[in-house]
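Here's the structure, in structure tokens; my notes come after.
So you know, we letter chains A, B, ... as the sequences are listed, proteins then strands, and number each from 1.
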Number of protein chains: 2
Amino acid sequence: MPPEIETAETAQVESARRRKTRDRLIDAAYEVFAETGVHAASVEMISERAGFTRGAFYSNFATKEELFFALAERENRIRFERLQEGVDVILPQVGEAALTERSLGELVTRFLELQSDDRRWCIVQSEFKLLAMRNAQVAASYVAYQRNFLEQLTEQIDAAVGSVGLRFTIEPIEAIGIIVNLYESAMQAAILEGDDGDSVSAPPLARAALPALVHALTEPIS
Amino acid sequence: MPPEIETAETAQVESARRRKTRDRLIDAAYEVFAETGVHAASVEMISERAGFTRGAFYSNFATKEELFFALAERENRIRFERLQEGVDVILPQVGEAALTERSLGELVTRFLELQSDDRRWCIVQSEFKLLAMRNAQVAASYVAYQRNFLEQLTEQIDAAVGSVGLRFTIEPIEAIGIIVNLYESAMQAAILEGDDGDSVSAPPLARAALPALVHALTEPIS
DNA sequence: ATTTTGCGATACATCAGTGTATCGGATACA
DNA sequence: TGTATCCGATACACTGATGTATCGCAAAAT
């Protein structure tokens with residue numbers, strides 16, 4: 001008889017308790033990694049921040065890196081889900097059915113705010129990218145995720161652009177790529193300026209330049 | 001009598017020998033930091049790479065961070081000098097006096113290649129930025145340098161743009177900021193794609209999109 | 001050539017972090 | 001209420017990195 005499934009319950013590999021401490025450890029890692037960097041963070045710091053000792057850590061993760069990847073996966077998943085809800089969530093905030101070119105910039109901004117919403121995520125993501133730049137293994141999964149995300153985002157925004165009678169003057173996916181870059185670097189600039197407070201939402205630089213950029217990259221349809 | 005200056009020679013704080021080993025240590029740090037990251041790099045790795053023991057290191061730098069800053073300062077200085085020579089150096093490569101809109105994109109590309117010329121610098125600079133995002137002290141000097149650099153670059157490129165009868169449709173400094181972003185993220189993308197080899201010059205993505213972006217952000221003068 | 005000085009090598013003390021093996025208590029189940 | 005099990009706490013052995021104090025050699029000065 002197969003020993004791994006006696007009842008359906010037995011197959012439950014993760015107890016509720018276990019899942020909870022895993023989540024608390026990930027939360028703690030999120031904070032500590034953002035504050036000190038992945039390498040500078042010790043297993044002890046993370047465990048302590050979560051209210052555990054290292055015993056709990058090693059019972060749940062083999063290495064600090066494994067925890068780092070678990071964190072990245074969780075946060076990426078959350079943001080991808082938010083993106084897929086997409087326009088349905090944002091349109092009501094911007095102004096219902098009547099989408100004008102003016103409100104288009106606003107809509108794009110909202111899309112970006114949805115994903116890169118706080119200071120810590122910006123920092124942790126930068127660190128993940130840096131890790132990817134040094135490690136081909138990590139790079140592969142990083143670019144796969146980013147590419148997939150960018151495609152989804154392009155699909156949604158391109159539709160919105162079309163619905164106000166505009167189209168991009170260069171490849172839509174490249175245009176969106178450029179816009180995302182602008183937004184991300186504006187986030188980073190806000191952090192560098194010491195714009196403290198957890199949610200660095202709506203960095204002023206992006207608010208100003210982003211609609212102008214959208215305008216510059218689009219033209220009326222034929 | 002003042003003890004610090006008996007002759008002019010006595011004031012020579014840095015011997016030639018000392019300067020040379022400092023430079024070798026900085027070179028080594030450049031490599032090791034790029035490969036493993038600042039935190040993961042040990043003083044021993046760096047010293048060994050330079051062909052010394054830790055004794056030499058501690059005789060020249062108090063901490064690893066001090067060396068890191070010395071590296072950043074040296075490399076920034078080099079790139080700023082290159083920038084100031086600027087058009088004089090680049091114009092001959094592009095096509096002498098006859099600057100057309102077509103060759104304008106090429107010229108801008110050359111400007112950017114001048115500064116962010118290799119893979120290692122891209123990585124080390126990313127790490128410096130990350131450090132700045134976590135430390136207000138570092139952030140101050142980082143943004144001061146970047147701002148200064150961007151202003152110089154804008155001055156030169158804006159002049160070139162004007163000389164072919166164009167002008168930016170948004171604030172020139174913001175336009176250049178966006179262009180620099182595109183270029184830098186293209187560099188990073190090239191690294192992530194595993195585009196190995198030391199000089200990742202002319203990342204293909206930038207070659208393609210950059211002229212288009214310049215075109216999109218400019219218009220004929222009145 | 002001899003002395004002096006500067007600078008890198010060597011050796012040592014210390015510490016912080018890691019991973020593992022074991023223990024004990026809370027929780028689920030009878 | 002008793003029992004089994006899971007999971008986090010504790011203790012320990014070990015490694016790698018740090019910083020300092022001292023030594024010895026090579027290059028400069030006289």
Taking [atom1] from [X] and [atom2] from [N], how many angstroms apart are they, rounded to a whole number?
X     : N      : atom1 : atom2 : value
A:E66 : C:dT18 : CD    : C1'   : 15 Å
B:E48 : C:dA9  : CD    : P     : 12 Å
A:F57 : C:dT20 : CZ    : C1'   : 14 Å
A:K20 : C:dT27 : NZ    : P     : 10 Å
A:R18 : C:dA26 : CZ    : C1'   : 15 Å
A:R24 : D:dA9  : CZ    : P     : 9 Å
B:L67 : D:dG19 : CG    : P     : 13 Å
A:H39 : D:dA17 : NE2   : P     : 11 Å

> Contact class for A:S42 (heavy atom, under 4.0 Å): base, sugar-phosphate, or nothing?
Replying inline: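 Since only primed, P, OP1 and OP2 atoms lie under 4.0 Å of A:S42, the category is sugar-phosphate.
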Does a side-chain N or O of [X] approach OP1 or OP2 of [N] to a distance below 4.0 Å, or not?
X     : N     : result
A:S59 : D:dG8 : yes
B:S15 : C:dC7 : yes
B:N60 : C:dC7 : no
A:T21 : D:dG8 : yes

> Closer to the 5' end of DNA chain D via nearest nucleotide, is it B:R17 or B:M45?
Replying inline: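 With B:R17 and B:M45 compared, the 5'-side residue is B:M45.
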> Where the side chain of A:R54 is defined as all heavy atoms beyond and including C-beta, which of D:dC12, D:dT20, D:dG8 is the nearest nucleotide?
Replying inline: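 Out of D:dC12, D:dT20, D:dG8, the nucleotide with an atom closest to A:R54's side chain is D:dC12.
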> Out of C:dG8, C:dT18, D:dA9, which nucleotide sits closest to the side chain of A:F52?
Replying inline: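 When the side chain of A:F52 is considered, D:dA9 is the closest of C:dG8, C:dT18, D:dA9.
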> To the nearest 0.5 Å, how far apart are CD1 in B:I178 and CD1 in B:I173?
Replying inline: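 Nearest 0.5 Å value for the CD1-CD1 distance: 12.0 Å.
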Tell me whether [X] is salt-bridged to [Y], with the criterion being a basic N under 4.0 Å from an acidic carboxylate O.
X      : Y      : result
A:E184 : A:K129 : no
B:R77  : B:E73  : no
B:E106 : B:R110 : yes
A:E127 : B:R134 : yes

> Relative to the 5' end of DNA chain C, which residue comes earlier, A:A41 or A:G55, by the nucleotide with the nearest heavy atom?
Replying inline: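 Nearest-nucleotide comparison on DNA chain C picks A:A41.
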